[in-house]
Amino acid sequence: MPPTITDNQTHDFKAHYDCAHRSSLQDDETDDAYVKRITRYSDGTVKLRNSNIELMDQDILYHLALGSESHDLQEMFGDVKFVCMGGTPKRMENFAHFIMNEIGYKLPAGTQLQDISAYSYRYSMYKVGPVLCVSHGMGTPSVSILMHEMIKLMYHAKCKDPVFIRIGTCGGIGVDGGTVIITEDALDGQLRNSHEFTILGKTIHRPAKLDKKLARELKSLASPDDPYDTIIGKTLCTNDFYEGQGRLDGAFCDFSENEKMDYLEKLRENGVVNIEMESTIFAALTHHAGIKAAVVCVALLNRLNGDQVNAPKEVMNEWQARPQILVSRYIRKVLTHNGQLKSLFGHQGSIKSPRRFKLVQQESQAHE
């Protein structure tokens, strides 16, 4: 039968976390002030919750092919404001080129985007001005490795208040393929809003919290002209694509179709609108690091109608661009508000619409 969790179990782990958290608070200190105190220096740069790193001669970010002494990480990454992550290297390479056009970032003449972590042979990373585009692989273990090193990278680079956004794909529950879904709460297989870790043989839970204000801001950037829906809802994160997500088409299946449908309906009744395999670890580690974060995915199918992803390739490609479009709107909005978008274009004067400005440039060049 599908896994469940009792109310008592939920209260037990939440009470344990709340008790430990309260013991760390100073007199009259709010939760927000506490998180800021332990995750930020006075100038707003990222502070690690690990004093061991400061005592090391060099911190090797092995899976990124970077090091704190072999590279000038502050020079390379100190201006990063947004870290956008997705599953595959190709998807993030495509997003890097897309966001470069969207924010009007200009590469030096004769150069092209380079995969900074190419020699790690594990993850790919592209930098477009203040935007870092990184692949995170598939599933929570792969994301966990990358997240540790990306948070440390933010620390070594002295980045100020970076925003992390996961851009991905998922299976929808009661929503059509092509729907863009912004995660409100990330739930594990037992519908707990936390991620379970085993550290030194002990099981602990860390809250899988995402920034709800950021989620609402992203939702507000959905356009009425978009030919698809953009919604906010709860996301189920599993450790498996097949049995863990109740699919009937894996190598093994010990449950009936009726049991599967009962499970999916139970998820929908609990506000779950999609299933993927990365959100709880992503949310737990960003929250623990005091980093504002969001998850934006596109549904590739409605799981209430089947298990296999069978949309045509060209349709899939268009669907996968939809979360990228929404995230690019957010990045452009923040850069515009901060007065940075204009400087990225290298254009003196007011740019009302970067996209139209680019089209005008192209039109002018065509008539030269």
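Excluded from the calculations below are hydrogen atoms, water molecules and symmetry mates; all remaining heavy atoms, backbone and side chain alike, are included.
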**Asked** Should we say atom CD of Gln58 is surrounded by more than 12 heavy atoms from elsewhere, each under 6.0 Å from it?
**Response** yes

**Prompt:** For Asp72, what residues pass the side chain to side chain contact (heavy atoms under 4.5 Å, CB included) criterion, not counting sequence neighbours?
**Reply:** Gln74, Glu75

**Prompt:** Does a donor on one side chain sit under 3.5 Å from an acceptor on the other, for Ser256 and Asn258?
**Reply:** no

**Message:** Would a single hydrophobic cluster contain both Val315 and Tyr228, if residues Ile, Leu, Val, Met, Phe, Trp and Tyr are joined by side-chain heavy-atom contacts under 4.5 Å?
**Reply:** no

**Message:** Tell me whether Ser328 contacts the main-chain N or O of Ile325 through its side chain, where contact means a donor paired with an acceptor under 3.5 Å.
**Reply:** yes

**Sole candidate of Val327, Ile103, Val131, Ile99 that passes side chain to side chain contact (heavy atoms under 4.5 Å, CB included) when paired with Phe82** = Val131

**Asked** Counting only N and O atoms by type, is there a donor-acceptor contact under 3.5 Å from the side chain of Ser117 to the main-chain atoms of Leu64?
**Response** yes

**Partners passing salt bridge (Lys or Arg N to Asp or Glu O under 4.0 Å) against Glu184 (at least two apart in sequence or in another chain)** = none

**Item:** Residue Met76 excluded, over 12 heavy atoms near CE under 6.0 Å
**Value:** yes

**Prompt:** About how many Å separate OG1 of Thr169 and CZ of Arg322, when rounded to the nearest 0.5 Å?
**Reply:** 13.5 Å

**Message:** Grouping I, L, V, M, F, W and Y whenever their side-chain heavy atoms are under 4.5 Å apart, do Leu210 and Ile181 come out in a common cluster?
**Reply:** no

**Prompt:** Where is the tightest heavy-atom contact between Gly168 and Pro323, given as atom of each residue plus distance?
**Reply:** O-CG, 4.1 Å

**Request:** Using a 4.5 Å cut-off on heavy atoms from C-beta on, say whether the side chain of Val180 contacts that of Asp226.
**Result:** no

**Message:** Quick check: do Asp229 and Asp176 have side-chain heavy atoms less than 4.5 Å from each other?
**Reply:** no

**Asked** Should we say atom CG of Leu200 is surrounded by more than 12 heavy atoms from elsewhere, each under 6.0 Å from it?
**Response** no

**Item:** Under 3.5 Å: donor-acceptor pair, side chain of Asp43, backbone of Thr45
**Value:** yes

**Item:** Check: Asn193 side chain, Leu187 main-chain N or O, donor-acceptor pair, under 3.5 Å
**Value:** no

**Message:** Could you go through Tyr242 and Asp249, starting from their C-alpha distance and side-chain angles, then the distance that decides it, and tell me whether this counts as side chain to side chain contact (heavy atoms under 4.5 Å, CB included)?
**Reply:** CA-CA 7 Å; Tyr242 287 100; Asp249 60 343; 3.6 Å; yes

**Request:** For residues Val295 and Ser279, report the shortest heavy-atom separation together with the two atoms involved.
**Result:** CG2-CB, 4.5 Å

**Item:** Side-chain heavy-atom pair Lys266, Leu191 within 4.5 angstrom cut-off
**Value:** yes

**Message:** Is any side-chain heavy atom of Arg122 closer than 4.5 Å to one of Ile145?
**Reply:** no

**Request:** Please answer whether the main-chain N or O of Thr140 pairs with a side-chain N or O of Ser144 as donor and acceptor at a distance below 3.5 Å.
**Result:** no

**Item:** Pairwise side-chain contact, Cys170 with Thr235, heavy-atom cut-off 4.5 Å (strictly under)
**Value:** no

**Request:** Look up atom OG1 in Thr336 and atom CD1 in Ile331, then write down how far apart they are to the nearest 0.5 Å.
**Result:** 11.5 Å

**Asked** Can you tell me how far CE of Met147 sits from CD of Glu278, rounded to the nearest 0.5 angstrom?
**Response** 11.5 Å

**Prompt:** Checking Lys127 side chain against Gly129 main chain: does a donor-acceptor pair fall under 3.5 Å?
**Reply:** yes

**Ile151 versus Ala289, closest heavy-atom pair with distance** = CD1-CB, 3.8 Å

**Beyond-backbone contact of His287 with Arg206, side-chain heavy atoms, under 4.5 angstrom** = no

**Message:** Please say yes or no: joined through hydrophobic side-chain contacts below 4.5 Å, possibly via intermediate residues, are Met92 and Leu326 part of one cluster?
**Reply:** yes

**Request:** Kindly say whether Leu248 contributes a backbone atom to a donor-acceptor pair with the side chain of Glu257 at under 3.5 angstrom?
**Result:** no

**Item:** Cluster link Tyr62 to Leu66, ILVMFWY, side chain under 4.5 Å
**Value:** no

**Fill in**
Here the gap from Thr238 atom OG1 to Ile275 atom CD1, rounded to the nearest 0.5 Å, amounts to 7.0 Å

**Asked** Could you state the interatomic distance from CG (Leu236) to CG (Asp188), rounded to the nearest 0.5 Å?
**Response** 8.0 Å

**Item:** Closest non-hydrogen atom pair, Cys84 against Ile167
**Value:** CB-CD1, 4.1 Å

**Note, Arg37 side chain near Lys47 side chain (heavy atom, < 4.5 Å)** = no

Give the table of side-chain donor-acceptor pairs shorter than 3.5 Å for residues 153-165, with sequence neighbours excluded, one pair per line with atom names and distance.
| residue | atom | partner | partner atom | Å |
| --- | --- | --- | --- | --- |
| His156 | NE2 | Asp59 | OD2 | 2.8 |
| Asp161 | OD1 | Arg40 | NE | 2.9 |

**Prompt:** Glu149 side chain to His63 main-chain N or O, any donor-acceptor pair under 3.5 Å?
**Reply:** yes

**Request:** Heavy atoms only: give me the nearest Ala215-Ile232 pair and the separation to one decimal.
**Result:** O-CD1, 3.7 Å

**Prompt:** Are the side chain of Ser142 and the backbone N or O of His136 linked by a donor-acceptor pair below 3.5 Å?
**Reply:** yes

**Request:** With rounding to the nearest 0.5 Å, note down the distance linking CG in Leu267 to NZ in Lys234.
**Result:** 11.0 Å

**Message:** Can you classify the ring geometry of Phe98 versus Phe95 as parallel (below 30°), tilted (30 to 60°) or perpendicular (above 60°)?
**Reply:** tilted

**salt bridge (charged side-chain N to carboxylate O under 4.0 Å, His left out) partners of residues 80-91, not counting sequence neighbours, each pair once** = Lys90-Glu93

**Asked** So with a 6.0 Å cut-off around OH of Tyr41, is the heavy-atom count from everything else above 12?
**Response** yes

**Request:** Determine whether Trp319 and Leu221 fall in the same hydrophobic cluster, where Ile, Leu, Val, Met, Phe, Trp and Tyr are linked whenever their side-chain heavy atoms lie under 4.5 Å apart.
**Result:** no

**Complete:** Applying side chain to side chain contact (heavy atoms under 4.5 Å, CB included) to Lys213 and not counting sequence neighbours gives Asp211, Arg216

**Asked** So do Cys253 and Lys260 actually touch side chain to side chain, heavy atoms under 4.5 Å?
**Response** no

**Asked** Met138 and Phe241: side chain to side chain contact (heavy atoms under 4.5 Å, CB included), yes or no, with the steps?
**Response** CA-CA 10 Å; Met138 185 180 295; Phe241 184 80; 5.9 Å; no

**Item:** Heavy-atom closest pair, residues Ala293 and Thr286
**Value:** CB-OG1, 3.5 Å

**Asked** Just by modelled atom types, is the Gln245 backbone N or O under 3.5 Å from a matching donor or acceptor in the Arg303 side chain?
**Response** yes

**Prompt:** Tell me the ring pair (Phe, Tyr, Trp, His ring centres under 6.0 Å) pairs involving residues 169-196, sequence neighbours left out?
**Reply:** His195-Phe197

**Prompt:** Just by distance, with hydrogens left out, do Ser124 and Asp115 show a side-chain donor and acceptor under 3.5 Å apart?
**Reply:** yes

